[in-house]
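The residues of the chain are indexed from 1 along the displayed sequence.
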Amino acid sequence: MFSTAIRQSISLNRAFARSFSSAVEPTLKERLTQIIPGKIAQVKKLKEEHGEKIIGTCTVAQAYGGMRSVKSLVTETSSLDAEEGIRFRGFTIPECQAKLPKAPGGEEPLPEGILWLLLTGEIPTTSQVQNLSKDLAKRAGLPTFVVNMIKNFPKDMHPMSQLGAAILALQTNSKFAASYHKGVKKDQYWDSTLEDSLDIIAKLPEIAALIYRCTYKDGKMGAIDPSLDWSANFNRLLGYNSKEFDELMRLYLTIHTDHEGGNVSAHTTHLVGSALSDPYLSYAAGMCGLAGPLHGLANQEVLTWTLDLKKKIGEGEVSNEKLAELVWEGLNAGRVVPGFGHAVLRKTDPRYTCQREFALKHLPNDPLFKLVSQVYEVVPPVLTKQGKTKNPWPNVDAHSGILLQYYGMKEHSYYTVLFGVSRAIGVLSSLVWDRALGHPIERPKSVTTEWIANHVNQQQ
Ligand code: CMX
């Protein structure tokens, strides 16, 4: 009796200290618990006071044109400016590189830091990120049936299909689905969504690495080391043990996380999640979208395209004129130049630029990096001359494969899985906020071509 009272008093004192002392840092969940009510109040007030104000319109061309620029989605975690590129919770990529905590001796941000930033809007301290790394390591571990399932996938099943199937199999672990069926209240949905999201992010290195080891290597994989960060652990499981590749992986997994809410993987995760499908189902759906060649699969296509180019060029250097000719060949055959163009961006993607800077620092003399740099000079004028694309500049996918192959990861068909592992951080952070803000099921109105024809006739 006496010891229970003492324990209660200690726990009350701890809670008191957490809420009032800056010396005791809040955990991720504690910080979210503090932040969410203010955001709910802000959104409620906005809806009450300005609910009828117009933020966007949709033309006939936009309805047929993939809803480009139609403002109709709310995503808290990041926003994209056509000229400047992505800002994660207001921070550019160079600002994230400067401000987010790093591994000891490292220079690139830890993806655990951007997870914290996307969820809370705040730059975490080094110890908050270290604790998050430890939390993720604790949550790791796959059920045996998922391990066996991945081991039994045919070797020619695309790694993105394997990723989607493995996530769906893990759905049996969903805390959101379990608590929903127990009747948990709507204002608590975000809690189990956060739990599922952290579990998925924690298990992704093992899922993705096992897919890699089984598809391309001997099928054997090590175990998570709780003293390592998320990216270094992922690299060890994949079979890579280089400090420089760890740095690349940290940068890679940071910059691919999020690209506001309208892109296919983010929008799909949000849409499926709006039916209160749990985070496993929602994220798996997002990964099906990422697997398309106009979206995440482009990173695989770029390396294939670049190696084809290299084969056609042969040994030695190539002139810009000859390179342009080869680019025209592909365009004239009706193919896109993978890694160039973007639905929103109208300048070089800053995710491309920071990878280029990484290459200039670590592999300036790599022949494929030199070729990619030359492609950067040649392709934009060619695409401009062709006159179709609204943006002739490179996107994130134009560079990533070159860096990966330099460190020995040459299996192109795997590259989109790395994008998917990183994208989990962005789309699942958004899903937590969807549940915290109580967003309803998404159900825009569709119309038929006859409806549009009648509508425009009436307006004449
Ligand atoms: N090479 C050749 N043609 C291109 C092109 C490229 N890189 N980018 C756009 N175009 C063409 C389009 O195919 C389209 O042609 P049609 O009118 O014949 O259909 C025309 O230019 C207009 O397209 P757009 O409005 O500029 O671009 P969209 O918003 O429709 O599409 C994107 C954007 C990314 C799908 C497109 O630029 C593309 O196919 N790029 C190559 C694939 C790629 O790199 N995708 C990765 C994007 C980043 C990511 O999501 O990971």
Is it true that [Y] and [X] share a donor-acceptor pair across their side chains at a distance under 3.5 Å?
X: Thr389; Y: Asn391; answer: no
X: Asn395; Y: Arg351; answer: no
X: Thr353; Y: Thr348; answer: no
X: Glu25; Y: Thr125; answer: yes
X: Gln300; Y: His158; answer: yes
X: His362; Y: Glu357; answer: no
X: Gln42; Y: Lys45; answer: no
X: His270; Y: Asp434; answer: yes

So [Y] and [X], do their side chains get closer than 4.5 Å, heavy atoms only?
X: Phe88; Y: Leu100; result: no
X: Leu276; Y: Phe176; result: yes
X: Ile167; Y: Lys203; result: no
X: Tyr352; Y: Trp393; result: no
X: Leu294; Y: Val264; result: no
X: Pro394; Y: His399; result: no

Any carboxylate oxygen within less than 4.0 angstrom of a Lys/Arg side-chain nitrogen, looking at [X] and [Y]?
X: Glu247; Y: Arg250; result: yes
X: Arg423; Y: Asp258; result: no
X: Arg139; Y: Glu195; result: yes
X: Lys39; Y: Glu76; result: yes
X: Asp187; Y: Lys185; result: no

Atom [atom1] of residue position [X] - does it have more than 12 heavy atoms of other residues, nucleotides or ligands inside 6.0 Å?
X: Lys310; atom1: NZ; value: yes
X: Lys410; atom1: NZ; value: yes
X: Tyr180; atom1: OH; value: no
X: Met149; atom1: CE; value: yes
X: Glu107; atom1: CD; value: no
X: Trp305; atom1: CH2; value: yes

Among Asn235, Leu228, Asp229, find the residue that satisfies the side-chain contact (heavy atoms from CB on, under 4.5 Å) test when tested with Ser231.
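Of the listed residues Asn235, Leu228, Asp229, the side-chain contact (heavy atoms from CB on, under 4.5 Å) partner of Ser231 is Asp229.
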
Derivation of the side-chain contact (heavy atoms from CB on, under 4.5 Å) call for Leu418 and Met249:
CA-CA 9 Å; Leu418 296 181; Met249 195 56 98; 4.0 Å; yes

Taking [Y]'s backbone N and O only, do any of them form a donor-acceptor pair with [X]'s side chain (distance below 3.5 Å, no angle check)?
X: Tyr216; Y: Ile211; result: no
X: Asp397; Y: Ala298; result: no
X: Glu30; Y: Thr27; result: yes
X: Ser161; Y: Met157; result: no
X: Ser277; Y: Val272; result: yes
X: Arg89; Y: Leu118; result: yes

Quick one, Cys288 with Thr268, criterion side-chain contact (heavy atoms from CB on, under 4.5 Å). Give me CA distance, side-chain angles, the key distance, then yes/no.
CA-CA 9 Å; Cys288 293; Thr268 307; over 6 Å; no

Give a yes or no on whether the ring-centroid distance for His259 and His295 is below 6.0 angstrom.
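They do not qualify: ring centres at least 6.0 Å apart.
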
Could you measure the distance from the OG1 atom of Thr215 to the NZ atom of Lys217? Nearest 0.5 Å is fine.
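Interatomic distance, Thr215 OG1 to Lys217 NZ, rounded to 0.5 Å: 11.0 Å.
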
Within this structure, what is the CG-CD distance for the pair Leu132 and Gln128, rounded to the nearest 0.5 Å?
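The CG atom of Leu132 sits 9.5 Å away from the CD atom of Gln128.
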
Could you tell me how the ring of Phe419 sits relative to the ring of His256: parallel (under 30°), tilted (30 to 60°) or perpendicular (over 60°)?
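Perpendicular: the ring planes of Phe419 and His256 meet at over 60°.
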
